[in-house]
Amino acid sequence: MKNKEVSRIFREIAQILELKGENPFRIRAYEKAAQNVESLEKDIEVVAKEDKLTSIAGIGVDLAGKIKEIVSTGKLKQYQALKKEFPADVIKMLDIPGLGPKTVKLIYEKLKITTIKKLQDAAKSGRLQTLEGIREKTEENILRGIELVKKGSERVPLSFALDVSAEFLAELRKCKEIDKIEVGGSLRRRKDTIRDIDILVVSKRADTVMNKFVNSKLVKEVLAHGKTKSSVISKDNMQVDLRVVENKSFGSALLYFTGSKDFNVKFRQLAIKKGYKVNEYGAFKKEKYICGKTEEDIFSLMKMAYIPPELRENRGEIEAAQKNKLPRLVKLKDIKGDLHVHSKYSDGTSSIEEIAAQAQLKGYEYVAVTDHSQSLKVAGGMSKERVYKKIDEIKKVNKKFKKIKILIGTEIDILSDGSLDYPQKLLAEFDLVVAAIHSGFKQSKAQITKRLVSACNNKYVNIIAHPTGVLWGTRDPYDVDLEEVFKAARDNEVALEINCHPQRLDLNDVNVMKAKANGVKLTLGTDAHIIDQLSLMELGVDVARRGWLLKEDIINSMPLDKVLKWLKK
DNA sequence: GCCGTTTTCGGCCCGACTGTTTTCAGTCG
């Protein structure tokens, strides 16, 4: 797989071309190509071999030739020549917020500044002010931008952004000048990681709302404060943007503010073809306002089905909506049980009975109590004896609860040599076996892949939990050949989990799509360690929806009898 | 550099805010 390599090279070419002041549309062509290659499901090397590169959107004859060169020689002559034109650190200056290609070029060429450190020194000493168009404020902004880069303006996990946005929403809702309020952006699309929070409000008193917003106690720093748009940095270091519009523009503004960027570009192009102009204030014919009060109005004007926010990534959803062939996405109410829950028997805090009661309250037909296996000592991994004790208790509780079935489960460790943490004889005692990697994350791709594949080959294993091991913001996924895991899972009727825990959300949307394309079934598991966390199911459903899943793709949208049948593969 | 049921040439989404200058370029989303 050289998809990442190709897209990295194209992205960097785009940056260098920006510095050179090249045609912006040519630059965008490289960026678009980079993105499309990166999100391509197929291996770019295979597509190149089949001579089908130009069938990829945004890849024409020229870029196809460049991809072939990269795939066959591992290099691209054009790229190597371009790299010589600017020092690597100068290209990195483009990452500084507020500093764009024009200014970087000016600074590099006039002052011969080649590193971010030198840039910082020059800004502090006021030397940048010798340049045309740069005065005190710009210098300050550059210094602030450098600090932001150092701190790492990285994406945060969805759950963290949800918490921050909830605080802002609560604060803004106190403001009686606000008639409507909604979150947009990647948060509304429920991406697994979020860079900034976009909030949209309807108000007739935009100035009052803006003043309250930028002066809120939640705000650390004001980046911009305009009549209809403001940006701040929150106390938790998240950028929050607020936009105020009139009611008649609420739908169009929400559409625009929800994005994604690629979706917006495609959508607006389509509008032009149909003779309309769509912006955040509405859909217009010539200068005449047609609609914009709701998103539905605009979709219907474009003669397409309403596209749920989770799908708006320009991954084919616009074409599908035009043909009225959008997938009937799984909904929270389709989920009939939770297949990954921890009890007091390992590192959870709830009793079997509490879990049963809460799951019943959720309207579930079943819940699997999947405690850790013996090796995972830090998480109260259970000995063989404790397993039998737990089985006895579950049987008793099952007699007490008529409306819900507790499945006897285990989240068993896949040990570093690929073997499982309990003998086969004990595994036979469980209704459900969830296998997962909790150690040896640094092993080679081949080793990790082999461990997961051999777990799939075990006849008692039903589910692979959090298949890539990612912990958003803390730990990168381990190196694994998912294609191999997909094959093994499909051939052995093993499902892959979408772990709903906000730090995990693993598999993610893209891998969920790939799994489905490979004929693999998915499960949703909250990994709850306390009964309140059974509500995390919602986040997992969001991932499933972003991955275009129907309820038919998800094991635990089936009723109990069918799940039991599936478990007895 | 890509793309095409108005086009194989001439388009390519569209608008807000800031800083600097005095009408606009640069940057961002």
Side-chain angles (χ1 to χ4, degrees), chain A residues 10 13-14 17-19 21-37 53-67 78 93-107 128-129 131-142 144-145 148 153 184-187 189 194-200 206 210 214 222-232 239-245 249 252-253 255-284 314 318:
Chain A
F10 282 177
I13 289 175
L17 294 178
E18 267 198 307
L19 283 175
E22 277 265 3
N23 174 1
F25 299 106
R26 186 176 171 223
I27 293 167
R28 197 148 84 209
Y30 276 96
E31 285 171 350
K32 203 173 168 185
Q35 182 149 23
N36 289 343
V37 169
L53 287 170
T54 52
S55 69
I56 302 169
I59 305 291
V61 175
D62 186 87
L63 288 182
K66 286 171 185 171
I67 292 174
Q78 175 212 13
M93 286 182 198
L94 291 172
D95 296 335
I96 298 170
L99 197 53
K102 295 286 187 328
T103 317
V104 169
K105 188 173 187 222
L106 186 72
I107 290 170
L128 295 183
Q129 291 193 43
L131 298 172
E132 195 179 336
I134 296 185
R135 292 293 169 264
E136 204 181 341
K137 288 271 193 178
T138 305
E139 242 174 10
E140 281 173 19
N141 284 340
I142 289 172
R144 199 158 53 172
L148 281 174
S153 56
S186 49
L187 201 56
R189 302 200 312 278
I194 308 287
R195 195 183 300 281
D196 50 31
I197 295 170
D198 302 300
I199 301 173
L200 177 67
M210 281 305 169
V214 298
V222 179
L223 298 176
H225 180 182
K227 282 199 289 284
T228 64
K229 187 182 166 185
S230 293
S231 291
V232 302
Q239 183 171 334
V240 185
D241 298 340
L242 181 73
R243 188 78 182 254
V244 183
V245 295
S249 300
S252 43
L255 186 69
Y256 157 70
F257 234 10
T258 299
S260 64
K261 188 181 171 204
D262 288 342
F263 172 89
N264 284 349
V265 170
K266 181 91 177 197
F267 192 89
R268 288 178 178 193
Q269 277 171 348
L270 187 78
I272 291 170
K273 265 188 208 156
K274 290 186 182 285
Y276 297 102
K277 183 178 79 166
V278 173
N279 58 29
E280 56 263 55
Y281 299 108
F284 299 85
N314 192 23
I318 291 178

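The figures here come from the full heavy-atom set of this structure, side chains too, leaving out hydrogens, waters and symmetry mates. Just so it is clear, the structure is predicted and the values come from calculations on it, not from any experiment. We name chains A, B, ... by the order of the sequence lines, and we start the count at 1 in each one.
Picking from dT27(B), dA16(B), dG15(B) the nucleotide with the shortest atom distance to the side chain of Pro101(A) gives dT27(B). When distances run from any side-chain atom of Ile272(A) to the nucleotides dG29(B), dC14(B), dC12(B), the shortest one goes to dC14(B).
Here the separation of dA25(B) from dT20(B), taken at their C1' atoms, is 9 Å to the nearest Å. A distance of about 16 Å separates the P atoms of dT7(B) and dC12(B), rounded to the whole Å. For the P atoms, the distance linking dA16(B) with dG11(B) amounts to 24 Å, nearest Å. Comparing the C1' positions of dC14(B) and dT6(B) gives a spacing of 23 Å, expressed to the nearest Å.
dG11(B): Watson-Crick or G-U partner is dC2(B), with both key distances under 3.5 Å.
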I'd like a table of atom pairs between the protein and nucleotides 7-10 of chain B - only N or O on both sides, under 3.5 Å - with the distance next to each one.
none

Report all interatomic pairs (protein N or O, nucleotide N or O of nucleotides 2-5 of chain B) with separations under 3.5 Å.
{"from": "dC2(B)", "atom 1": "OP1", "to": "Gly60(A)", "atom 2": "N", "distance (Å)": "2.6"}
{"from": "dC2(B)", "atom 1": "OP1", "to": "Gly60(A)", "atom 2": "O", "distance (Å)": "3.4"}
{"from": "dC2(B)", "atom 1": "OP1", "to": "Leu63(A)", "atom 2": "N", "distance (Å)": "3.2"}
{"from": "dC3(B)", "atom 1": "OP1", "to": "Gly58(A)", "atom 2": "N", "distance (Å)": "2.9"}

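A straight line from CD of Glu22(A) to P of dC12(B) spans 19 Å, rounded to a whole angstrom. At whole-Å resolution of the value, CG in Leu128(A) and P in dG19(B) are 15 Å apart. Rounded to whole angstrom, the span from the NE2 atom of His225(A) across to the C1' atom of dG19(B) amounts to 17 Å. Here the C1' atom of nucleotide dG19(B) and the CD atom of Glu139(A) are 13 Å apart, to the nearest Å.
Nearest heavy atoms, Ile199(A) versus Phe257(A): O-CE2, 3.5 Å.
Using modelled atom types, one side-chain atom of Arg189(A) and one backbone atom of Thr258(A) make a donor-acceptor pair closer than 3.5 Å.
Note on Thr103(A): only backbone sugar-phosphate atoms sit closer than 4.0 angstrom, heavy atoms only; bases stay farther off.
For Tyr256(A) against dG29(B), a side-chain-to-base donor-acceptor contact under 3.5 Å is present. Residue side chain Asn141(A) does not reach the base of dG19(B) through any donor-acceptor N/O pair under 3.5 Å, judged by distance alone.
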